[in-house]
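Here the structure comes first, spelled out in structure tokens, and everything after it is commentary.
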Amino acid sequence: MMRIHHLNCGTMQPVGGRLVNGSRLPFQTARMICHCLLIETDQGLVLVDTGVGLRAIADPRRSLGREFLFLTRPRLDLAETAAHQVTELGYAVDDVRHIVLTHLDLDHAGGLPDFPKAKVHLHATEHQAAMRAATRAERMRYRADQWAHGPDWVTYNPTGGDHWFGFESVRQLQGIPADIALIPLPGHTRGHAGVLVRRHEATDSATSPRWLLHAGDAYFSHSEIDPLAPRSTPGLALFQTLVQVDGPARHRNQARLRELAKEHGDQVEIFSAHDPVEFDRYQQNEPRTIA
């Protein structure tokens, strides 16, 4: 049995509601979130992304940087940190045995120091990009103090692996149940990935296996993967273009996600890291127990 918790590990409040969330009020504060998963397994807790961590609460400028603070205006609420939410569920932070990252951007890896004993799983390409930080943009997006404690990295080649609904190079993860896997979705960063979680509804053992796909920052709004009328707000479209490392790859992967939603939407639920509409959808029904 596994139990999945959908956690918001960091609320951001950029100015420009219409440009970001599509609000009718042009100067309304927008809302973005850091959508993480906490998965209870028989091999310990697995955390998918970490959101904003405790260090950001204590020292926002050092942990997140002035540019991020200015652009996103994060709420910086202790109650939203993954560490706090894990303990609120009755666990200790050391019960988190594994962290699976979509990528190492500061708002996805900010909580790494809060779980120093966890193994950290990600694509080798992403790990190399963060360690080298070869460009100014990468030096801004990757914060070395978030892994200064020396995480137990477990990296994976983003080639080879298995096939899944037309996607290639799906990687099973060491020491983690086979129902959780990494899938390459590069473009936003060099080694950006999605995280697959296979589930069976516990209330209906006859139901076919279904999948959750945490698509990270492969897209920012649910409307971008609408199979019939994909669209984005001007603010989100501009931001994604500014921070992407490979635009053609990012657009190809968005197209593949739209095709996946169209052809296999009855078998796969897709969500991204920052869309509050998707997160609120899960909050109405979660946590749910799966087998």
Side-chain angles (χ1 to χ4, degrees), residues 4 6 8 12 14 16-26 28 30-37 48-49 102-103 108 163-170 181-189 192-201 204 207-286 288 290:
I4 299 176
H6 290 260
N8 172 20
M12 296 169 284
R18 180 181 297 173
L19 296 176
V20 177
N21 287 153
S23 168
R24 295 182 179 181
L25 302 176
Q28 182 182 23
R31 175 182 172 230
M32 300 175 70
I33 52 89
C34 295
H35 193 158
C36 302
L37 299 178
V48 178
D49 279 355
T102 59
H103 59 304
H108 294 256
H163 295 261
W164 177 84
F165 289 121
F167 289 80
E168 299 179 350
S169 302
V170 177
L182 274 175
I183 178 172
L185 292 175
H188 177 71
T189 65
H192 185 275
V195 180
L196 302 174
V197 182
R198 182 170 56 188
R199 71 187 188 193
H200 302 254
E201 299 296 343
D204 183 1
T207 302
S208 298
R210 289 176 58 86
W211 293 89
L212 294 177
L213 172 54
H214 188 318
D217 287 0
Y219 69 93
F220 275 64
S221 170
H222 60 282
S223 60
E224 293 178 84
I225 60 164
D226 185 324
L228 300 179
R231 61 199 182 280
S232 181
T233 61
L236 290 179
L238 175 62
F239 178 76
Q240 291 178 85
T241 299
L242 290 175
V243 300
Q244 68 191 13
V245 298
D246 188 337
R250 182 175 68 84
H251 287 292
R252 283 196 300 271
N253 281 319
Q254 282 194 0
R256 296 171 78 197
L257 292 172
R258 283 192 290 272
E259 187 68 17
L260 179 66
K262 178 181 178 181
E263 298 295 332
H264 303 287
D266 60 333
Q267 300 176 68
V268 184
E269 293 179 6
I270 310 169
F271 60 89
S272 64
H274 299 304
D275 188 332
V277 174
E278 293 173 333
F279 180 76
D280 291 345
R281 177 183 71 201
Y282 286 107
Q283 286 299 287
Q284 295 175 5
N285 302 306
E286 299 292 346
R288 72 177 54 160
I290 63 174

Donor-acceptor contact present, side-chain E259 to main-chain A255, <3.5 Å = no
Shortest non-hydrogen pair, L257 vs A218, comes out as CD1-CB, 3.9 Å
Please step through side chain to side chain contact (heavy atoms under 4.5 Å, CB included) for the pair M32 and L236, ending with a clear verdict.
-> CA-CA 11 Å; M32 300 175 70; L236 290 179; 4.2 Å; yes
Could you label the plane-to-plane angle of the F279 and H35 rings as parallel, tilted or perpendicular, counting under 30° as parallel and over 60° as perpendicular?
-> perpendicular
Can you name the side chain to side chain contact (heavy atoms under 4.5 Å, CB included) partners of H222, sequence neighbours left out?
-> D275, V277, E278
Check salt bridge (charged side-chain N to carboxylate O under 4.0 Å, His left out) between D246 and all other residues, then give those that pass, not counting sequence neighbours.
-> none
Would you name the heavy atoms of G265 and R210 that are closest together and state the gap between them?
-> O-NH2, 4.3 Å
Please collect all salt bridge (charged side-chain N to carboxylate O under 4.0 Å, His left out) contacts where either partner lies in residues 224-239, sequence neighbours excluded, each pair once.
-> D226-R231
Rounding to 0.5 Å, atoms NE2 (H163) and CD (E168) come to a distance of 5.0 Å
Quick one: closest heavy-atom pair of S232 and A237, and the distance?
-> OG-N, 3.5 Å
Just do the side chain to side chain contact (heavy atoms under 4.5 Å, CB included) check on Q254 and Q240 with the steps written out, would you?
-> CA-CA 12 Å; Q254 282 194 0; Q240 291 178 85; 3.4 Å; yes
Would you list the pairs meeting salt bridge (charged side-chain N to carboxylate O under 4.0 Å, His left out) in which at least one residue belongs to residues 211-221, sequence neighbours left out?
-> none
Closest contact, heavy atoms only, H192 versus A215 = CE1-O, 3.2 Å
Does the pair R281/E269 count as a salt bridge with the N-to-O cut at 4.0 Å?
-> no
Salt bridge (charged side-chain N to carboxylate O under 4.0 Å, His left out) against R258, all qualifying residues, sequence neighbours excluded = none
Non-hydrogen side-chain atoms of T189 and H108 separated by less than 4.5 Å = no
State whether a side-chain donor-acceptor pair under 3.5 Å links H6 with H214.
-> no
Minimum heavy-atom distance C34-N8, with the two atoms named = N-OD1, 3.1 Å
Can you list the residues that meet the side-chain hydrogen bond (donor to acceptor under 3.5 Å, both in side chains) rule with Q244, with sequence neighbours excluded?
-> R250
Under the side chain to side chain contact (heavy atoms under 4.5 Å, CB included) test, which residues partner V268, sequence neighbours left out?
-> W164, F165, W211, L213, L260, H264, I270
Residues forming a side-chain hydrogen bond (donor to acceptor under 3.5 Å, both in side chains) with N253, sequence neighbours excluded | R256
Residues that F239 engages under ring pair (Phe, Tyr, Trp, His ring centres under 6.0 Å), provided they are two or more places apart = F220
Any donor-acceptor N/O pair, D49 side chain to G216 backbone, under 3.5 Å | no
With side chains defined as the heavy atoms from C-beta onward, is the minimum distance between L196 and F167 less than 4.5 Å?
-> no
Could you go step by step and tell me if V170 and L182 meet the side chain to side chain contact (heavy atoms under 4.5 Å, CB included) rule?
-> CA-CA 6 Å; V170 177; L182 274 175; over 6 Å; no
